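Here is the structure we will look at, set down as structure tokens.
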Amino acid sequence: MLPAAAAFHFPWEVKSGSVLEGEAVRTFGRLTCYDAQQSRATLSAQHASREHRVVINTLFVEPFNPISGAQYFVLGEIESIEEVEVMVCARVLNCVDGVNVALLQKAINEQRSFFKERENKQEDAAQPPTATSSDT
């Protein structure tokens with residue numbers, strides 16, 4: 001059986017703990033730091049005038065040619081590590097430098113609203129119609 005598809009999460013959502021340990025996740029950010037000895041990279045993204053950083057375990061995607069300051073997409077699982085709280089264990093790490101981050105955020109929000117609307121329609125269709133009795 002295939003694992004569930006990873007949902008896109010913004011870096012500030014990953015960092016806030018809203019994603020559970022072991023859950024598959026897709027996120028993005030600008031590579032600000034890479035430590036080859038520890039197999040760790042740090043991606044950062046701006047939101048609401050704050051910089052949010054997500055630590056990435058790069059053990060399964062090495063060797064790779066890190067480009068400091070470039071935009072990356074990561075697909076992996078959430079791990080809880082004491083020293084950094086939350087870490088994404090990367091299965092895929094792609095450089096996507098040049099991506100329009102504002103447009104990406106808009107697309108993620110549109111996708112979420114589509115899935116929410118589709119889920120609501122499926123729930124409505126699954127509920128049996130209520131029988132109403134009329135007193136005449």
Side-chain angles (χ1 to χ4, degrees):
M1 188 168 109
L2 293 173
F8 245 117
H9 290 279
F10 296 116
W12 47 93
E13 295 171 338
V14 173
K15 191 69 177 171
S16 72
S18 65
V19 186
L20 302 175
E21 184 173 6
E23 189 174 333
V25 65
R26 289 185 288 169
T27 192
F28 62 91
R30 192 162 299 283
L31 182 68
T32 56
C33 178
Y34 174 63
D35 183 351
Q37 297 289 1
Q38 292 187 2
S39 296
R40 288 190 183 174
T42 303
L43 300 181
S44 66
Q46 293 284 330
H47 176 67
S49 73
R50 293 189 57 209
E51 185 173 330
H52 300 272
R53 296 175 181 260
V54 177
V55 178
I56 310 296
N57 180 344
T58 60
L59 185 64
F60 297 128
V61 294
E62 291 176 345
F64 81 103
N65 185 19
I67 303 169
S68 186
Q71 198 71 249
Y72 280 85
F73 280 161
V74 63
L75 167 65
E77 295 86 30
I78 297 294
E79 294 180 346
S80 292
I81 307 292
E82 284 184 26
E83 58 211 45
V84 293
E85 296 175 19
V86 176
M87 179 186 296
V88 177
C89 182
R91 303 294 180 184
V92 177
L93 184 63
N94 288 333
C95 179
V96 291
D97 209 22
V99 71
N100 184 333
V101 176
L103 194 57
L104 173 64
Q105 290 176 356
K106 183 178 178 185
I108 292 168
N109 286 326
E110 287 293 323
Q111 183 185 46
R112 286 178 176 179
S113 64
F114 169 78
F115 286 143
K116 191 176 206 176
E117 184 178 315
R118 185 175 71 175
E119 186 178 295
N120 288 340
K121 284 181 182 178
Q122 288 175 346
E123 287 175 0
D124 291 344
Q127 292 178 354
T130 57
T132 58
S133 62
S134 61
D135 295 321
T136 53

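Keep in mind that this is a model prediction, so the values were computed, not measured.
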So which heavy atom on [X] is nearest to which on [Y], and how close?
X: A90; Y: V61; result: O-CG1, 3.8 Å
X: L31; Y: P66; result: CD2-CB, 3.7 Å
X: T32; Y: S68; result: O-OG, 4.3 Å
X: R112; Y: H9; result: NH2-CA, 3.7 Å
X: E79; Y: C89; result: OE2-CB, 3.4 Å

Assigning hydrophobic clusters by single linkage (Ile, Leu, Val, Met, Phe, Trp, Tyr; side-chain heavy-atom cutoff under 4.5 Å), is [X] placed with [Y]?
X: I78; Y: Y72; answer: yes
X: I108; Y: V101; answer: yes
X: V99; Y: F10; answer: yes
X: L104; Y: V96; answer: yes
X: F60; Y: V74; answer: no

Donor-acceptor under 3.5 Å ([X] side chain, [Y] main chain):
X: R30; Y: S44; answer: no
X: N57; Y: L59; answer: yes
X: S39; Y: T58; answer: no

Quiz item: F8 vs F73 aromatic rings, parallel, tilted or perpendicular, using cut-offs 30° and 60°?
Solution: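 Perpendicular: the ring planes of F8 and F73 meet at over 60°.
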Quiz item: Per the side chain to side chain contact (heavy atoms under 4.5 Å, CB included) rule, which among L43, I56, L93 passes with V88?
Solution: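 Running side chain to side chain contact (heavy atoms under 4.5 Å, CB included) over L43, I56, L93 with V88 returns exactly one hit, I56.
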Practice problem: Compare all side-chain heavy atoms of V86 with those of V54 and state whether any distance is below 4.5 angstrom. | Solution: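 The answer is no, as the side chains (C-beta and beyond) never meet within the 4.5 Å cut-off.
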Quiz item: So how far is it from W12 CH2 to T27 OG1, rounded to the nearest 0.5 Å?
Solution: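 That separation rounds to 8.0 Å.
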